[in-house]
Protein chains: 2
Amino acid sequence: MVTIPARRKRATIHDVAVEAGVSRGTVSRVVNDEPYVSSSARIAIEAAIEKVGYVPNNAARSLVMQRSEAVGFIVHEPHSLFLDDPNIGGILLGANTVLSRADYQMVSLVIDSQRDTDRVARYLSGGFVDGVVIVSARHEDPITKVIGKLRLPAAFVGHPPDLQELPFVGIDNRASARAITERLMQTGRRRIGMVAAALDRDSGADRLAGFTDALGDRFDPALVTRVPLYTFNDGAMGMRELLQRDPLIDGVFAASDAVAAGALEALRDAGRSVPGDVGIVGFDDSSWALRTQPHLSTVHQPAFGLGAAAAECVLSQLRGEEQPTGGILLETPIVWRDSA
Amino acid sequence: MVTIPARRKRATIHDVAVEAGVSRGTVSRVVNDEPYVSSSARIAIEAAIEKVGYVPNNAARSLVMQRSEAVGFIVHEPHSLFLDDPNIGGILLGANTVLSRADYQMVSLVIDSQRDTDRVARYLSGGFVDGVVIVSARHEDPITKVIGKLRLPAAFVGHPPDLQELPFVGIDNRASARAITERLMQTGRRRIGMVAAALDRDSGADRLAGFTDALGDRFDPALVTRVPLYTFNDGAMGMRELLQRDPLIDGVFAASDAVAAGALEALRDAGRSVPGDVGIVGFDDSSWALRTQPHLSTVHQPAFGLGAAAAECVLSQLRGEEQPTGGILLETPIVWRDSA
DNA sequence: TTGTAAGCGTTATCAC
DNA sequence: GTGATAACGCTTACAA
């Protein structure tokens, strides 16, 4: 065992000022490199900073400046999904890239319990961040409430369930689902079903709606199975049920690539070939799409772009610019590979 | 277009005090629910807080308290890997769970560029966090330097390249690699090779070392291919080369599950059956392991436990407790499935 | 160009 | 029980 030495007291501007034989004001000017500092003073101060090991104290700075130069990135996903969801990483990187360029520190806060929710709400209230990007908000979310109450500059990725007046960026799940289903129909499939997932969310419900839009008269409710999550396992389960309901099914729209991958496994277990016996399409164009055999035809979801756009949106609010009403919808090209 | 109204000035303790007709000290006592407050005062103050919409200012609090009740979680991964790496999510969740329970806010900082590095270093220096958990530190990392200089309570996940005296939690990559290779040998394979990856890191180098340990006399350098990253694509590439070097190879240790998945694809493309023609084992027991066909035999890496242990380690430092010297190594059970 | 001093919103130490 | 008041470390007029 070894005792960690107590953290030694940190040097302050005062220490630097004394060391350099100037006033604190001048030191501050050097630190924030403002003009009107003689080069002799600057040199002395820089040496002093080095000598006493001064690092500015953000708390003090942000107290007086009334801002923190940080933007929160809130992820609110159930445990399991967070590990799986291929989009979150891209969104996060997109947001970070934009914020970084503007010299804002992105701090991600993950919410994984009720306790987390409360603590994060406090954290946001406390002025530790100047704005916030929110992924997958919940209905009646305390976080959303706090943001509204504080008028904290915010942008949602995906459609916020309530509070429609807050800015968001997203994709048109319904139109995209319709488009890929139509594309699937064009390949000549006769009995097309869907493994629908996450119907408690807008994205899940919209994808199903787009599917029924595309099918029109040909829509058969019996050919839709519903599973709770966008996961591999749920996909396999949903597909097995679909196969049971109609062994002759020859086309499937899976609500996400992970679901499609699971479905693919169920199909393989049932001895069906893809795309020979059945054509299948997914949604997301995540890393799943290239891991499956055959590679998935799917809807490209611009994860990075979503994160970047949300971050831009927060920054523009921070600059006090006017906001376009309503949300921003990004394009979702269809990428056609081998699974259908 | 609509103009977002300016954020209205936030209420302070002072406002609450005036409203409730008491002093700021008393309000502060109520806010931090300390004893010695008359219930009449408490009631009046709570009403006033509600009325003026008071939320405490963290910057001020953390300035006077000299701590922030937050712990940083630093991820330093190249872009592509961050999206793929299955362990990071688990580590993050493990750390968050522990910190949350102790009422610390975990803030994750992702480093994705030089600019990020500098900004994060400043952020850490600034007192916005009381401690830090670091995933995949770099050699000669400015972050590591800052931590050392500030004596910021820290714990590394995985072995920190330099600064060996800092606490870390990890696994014994070498022993684990040896164990699974031996297990693979016991299945009767004659020509066993390895797709080694990320040899510039300890984990990668150690896994190769464990492999050679296990093989002893039977080790044949020609049966090892080296690829830069723990990725699917690199795995496929490495396996193709292995196949070229020795078409009769019948056992493969892939440096990670993602690598194994890629190798599996290369094997399939080459018309080899698994585990019939060749047995293959991976490392990590990540979500990859169950996505492949057949499921992978692999080394279980306790991602959640690593995050949790690292967080515990930081908390214990924060409590001023003594630290065990050296790192903590967690168990890595072998999970045997169908790929070998 | 530099120094002085008044806050920023808390907590904490005293007296009362 | 409660109210002054002095920090905490910094920025920023305003004076010099």
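Values below: all heavy atoms of this structure, side chains included; hydrogens, waters and symmetry mates excluded. All chains are named by letter (A, B, ...) in the order of the sequence lines, taking the proteins before the strands, and each is independently numbered beginning at 1.
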Participant: Can you tell me the distance, in whole Å, between the NE2 atom of B:H14 and the P atom of C:dC8?
Facilitator: 10 Å
Participant: Once you apply a heavy-atom cut-off of 4.0 Å, does B:V22 come out as touching a base, just sugar-phosphate, or nothing?
Facilitator: sugar-phosphate
Participant: Write down the distance between CG (A:N57) and C1' (D:dA7), rounded to a whole number of angstrom.
Facilitator: 14 Å
Participant: Without decimals, in angstroms, what is the distance between B:I45 CD1 and D:dG1 P?
Facilitator: 13 Å
Participant: Among C:dG9, C:dT11, C:dG7, which nucleotide sits nearest the side chain of B:R61?
Facilitator: C:dT11
Participant: Report yes if at least one side-chain N or O of B:S38 is closer than 4.0 Å to OP1 or OP2 of D:dG1; otherwise report no.
Facilitator: no
Participant: Nearest heavy-atom pair of A:R115 and B:S100: which atoms, and what distance?
Facilitator: NE-O, 3.3 Å
Participant: In whole angstrom, give the distance that lies between atom CZ of A:R67 and atom P of D:dC10.
Facilitator: 16 Å
Participant: When the distance from CE of B:M65 to P of C:dC8 is rounded to whole Å, what number comes out?
Facilitator: 21 Å
Participant: So B:V55, base contact, sugar-phosphate only, or nothing? Heavy-atom distance under 4.0 Å.
Facilitator: sugar-phosphate
Participant: How many whole angstroms separate atom OH of A:Y36 from atom C1' of C:dT2?
Facilitator: 13 Å
Participant: Nearest whole Å is fine: how far is C:dA6 P from A:R24 CZ?
Facilitator: 11 Å
Participant: Are B:R61 and B:S68 packed together at the side-chain level, in the sense that at least one heavy-atom pair is separated by less than 4.5 angstrom?
Facilitator: no
Participant: Parallel, tilted or perpendicular: which one describes the rings of A:F128 and B:F128, with boundaries at 30° and 60°?
Facilitator: tilted
Participant: Strictly below 4.0 Å: does A:T26 bring a side-chain N or O up to OP1 or OP2 of C:dT2?
Facilitator: no
Participant: Please report the distance, rounded to the nearest Å, between CG in A:D15 and P in D:dG9.
Facilitator: 9 Å
Participant: Examine the base of D:dG3 for any acceptor or donor lying under 3.5 Å from a partner atom in the side chain of B:R29, and report the outcome as yes or no.
Facilitator: yes
Participant: Which nucleotide wins on minimum distance to the side chain of A:I13, given the candidates C:dT2, C:dG9, D:dT11?
Facilitator: D:dT11
Participant: Nearest of C:dT11, D:dG9, D:dT12 to any side-chain atom of B:S28?
Facilitator: C:dT11
Participant: To check you understand the geometry: which heavy-atom pair defines the closest contact between B:V110 and B:D116, and what is its length?
Facilitator: O-OD2, 3.6 Å
Participant: Within less than 4.0 Å of OP1 or OP2 of C:dT11, is there a side-chain N or O belonging to B:N32?
Facilitator: yes
Participant: I'd like to know if B:R10 pairs up with B:D15 as an ion pair, taking the criterion as any Lys NZ or Arg NE/NH1/NH2 lying under 4.0 Å from an Asp or Glu carboxylate oxygen.
Facilitator: no
Participant: For D:dA7, does OP1 or OP2 lie under 4.0 Å from any side-chain N or O of B:Q66?
Facilitator: no
Participant: Would you classify A:A59 as touching base, sugar-phosphate or nothing, given that sugar-phosphate means primed atoms plus P, OP1 and OP2, and contacts are heavy atoms under 4.0 Å?
Facilitator: nothing
Participant: Between B:P153 and B:V314, what is the shortest heavy-atom contact and its length?
Facilitator: O-CG1, 4.3 Å
Participant: Nearest to the side chain of B:E34, heavy atoms from C-beta on, is which of C:dA12, C:dT10, C:dT2?
Facilitator: C:dA12
Participant: Should B:S23 be listed as having a side-chain N or O under 4.0 Å from OP1 or OP2 of D:dA4?
Facilitator: no
